[in-house]
Amino acid sequence: MSRGGQRRGGGGRGAGRGGCLLRLMVVLVVLGAAAALAWMLFLPVVVADQIRARTGFAVSVASLSCNAFTGKLAVRGLVVRNPASFPVSDFVELREFSGEADVWSLFSDRFVVEHLTVDVRRVTLVRRADGRSNAEVFRQNLSGPPGAAATPPAPGAAAPPARQFLIRRLALRFDQLVVADHTRTKPVVEEFPLGLDQHYANLTDAKQLLVPEVLRRLAAANLPPALGGWVPGDFGRALGVAVEGASARGTELLKDAGQTATELFKGLREKLEESRKP
């Protein structure tokens with residue numbers, strides 16, 4: 001009897017341990033789900049606060065998910081607002097920014113993105129009374145403390161090379177561009193419906209975005225010739241050359257869009273290089 005009772009007692013203790021293990025697993029699953037939910041809920045707030053603290057531009061995000069192990073990122077409903085120093089608050093409205101990157105490429109000389117989708121509802125470029133645009137101020141603040149003046153390179157010193165990248169597949173949609181010039185006595189605000197829906201492969205330079213179809217649409221939209229000066233960096237210079245060329249040859253471009261846009265695209269790099277010469 002005593003041996004049987006001992007066996008039954010041992011079985012009860014085993015069942016108890018199994019029950020405790022099962023309850024522990026349930027608790028871990030619940031905690032993991034709660035942590036994932038908290039991550040999804042609070043990550044957009046954290047990212048928005050960090051961008052605002054860094055740049056001075058207010059940011060709101062409808063949803064944001066990020067997986068650091070797979071390199072997947074999905075941002076929806078992103079809105080960026082200008083600081084109070086600009087007379088217009090609108091800056092960027094994105095429906096979607098999503099893609100997948102090669103995580104290991106972060107540790108190499110070239111950052112690789114497998115696929116990327118950028119769906120832009122509207123971008124509002126604003127130039128305030130001192131001549132500075134919101135795109136210029138945002139980029140400068142993102143690379144340094146808000147309001148800090150950019151440090152010019154030492155005489156004769158070469159600028160640090162830009163980080164190389166490769167985007168294997170890019171889907172770009174861009175609905176509307178708004179340009180607000182407040183440098184004049186009477187501000188000028190213009191809206192340009194672009195309606196871009198382009199797909200690219202193996203992008204290694206932002207200037208590759210200016211394919212002939214995009215140039216045709218820039219010419220049809222009749223953008224201000226000086227627009228390139230509102231956008232910082234090499235892309236801004238390339239955009240300036242493209243817009244100026246499209247504006248100067250607008251009538252011819254619309255008559256023979258394919259041939260003229262292709263010629264403009266081929267000459268874009270040469271014109272850009274000439275604009276860099278002292």
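Computed from a predicted model, the values in this text were never measured in an experiment. What you see below is based on every heavy atom in this structure, not just the backbone, and it leaves out hydrogens, waters and symmetry mates.
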With rounding to the nearest 0.5 Å, note down the distance linking CG in Leu227 to CZ in Phe192.
8.0 Å

Name the orientation class of the two ring planes belonging to Phe91 and Phe57 (parallel below 30°, tilted from 30 to 60°, perpendicular beyond 60°).
tilted

Leu209 vs Gln198 side-chain heavy atoms within contact, under 4.5 Å:
no

Step by step, would you call Asn82 with Arg128 a side-chain contact (heavy atoms from CB on, under 4.5 Å)?
CA-CA 11 Å; Asn82 296 318; Arg128 62 193 184 190; over 6 Å; no

Check for me, please, whether Val211 and Leu215 land in the same ILVMFWY cluster - side-chain distances under 4.5 Å, paths through other members count.
yes

Nearest 0.5 angstrom please: Leu218 CG to Glu213 CD, how far?
10.0 Å

Enter the distance from Leu194:CG to Gln176:CD here, rounded to the nearest 0.5 Å.
8.5 Å

Side chains of His199 and Asp197: does their closest heavy-atom pair fall under 4.5 Å?
yes

Is there a path of hydrophobic side-chain contacts, each under 4.5 Å between heavy atoms of I, L, V, M, F, W or Y residues, that connects Leu170 with Val112?
no

Heavy-atom closest contact (Arg127 atom, Thr183 atom, distance):
NE-CG2, 3.6 Å

Could you measure the distance from the CG atom of Leu94 to the CZ atom of Arg173? Nearest 0.5 Å is fine.
11.5 Å

For Leu106 against Phe111, the heavy-atom pair lying closest together:
CD2-CE1, 3.5 Å

Return the minimal non-hydrogen interatomic distance between Asp90 and Asn134, and the atom names on each side.
O-ND2, 4.1 Å

Do Val120 and Val79 sit in the same hydrophobic cluster, where Ile, Leu, Val, Met, Phe, Trp and Tyr count as joined when their side-chain heavy atoms come under 4.5 Å apart?
no

If you group Ile, Leu, Val, Met, Phe, Trp and Tyr by side-chain heavy-atom gaps below 4.5 Å, do Leu142 and Val92 land in one group?
yes

Provide the closest heavy-atom pair for Ala74 versus Ser98 in the form atom of the first, atom of the second, distance.
CA-CB, 3.9 Å

Calculate, to the nearest 0.5 Å, the distance between atoms CD and CG belonging to Glu96 and Leu116 respectively.
9.5 Å

Same cluster (ILVMFWY, side-chain, under 4.5 Å), Val88 and Val178
no

Salt-bridge contact Asp130-Arg132 (side-chain N to carboxylate O under 4.0 Å)
no

To the nearest 0.5 Å, atom CZ of Arg121 lies from atom CZ of Phe174 at 12.0 Å

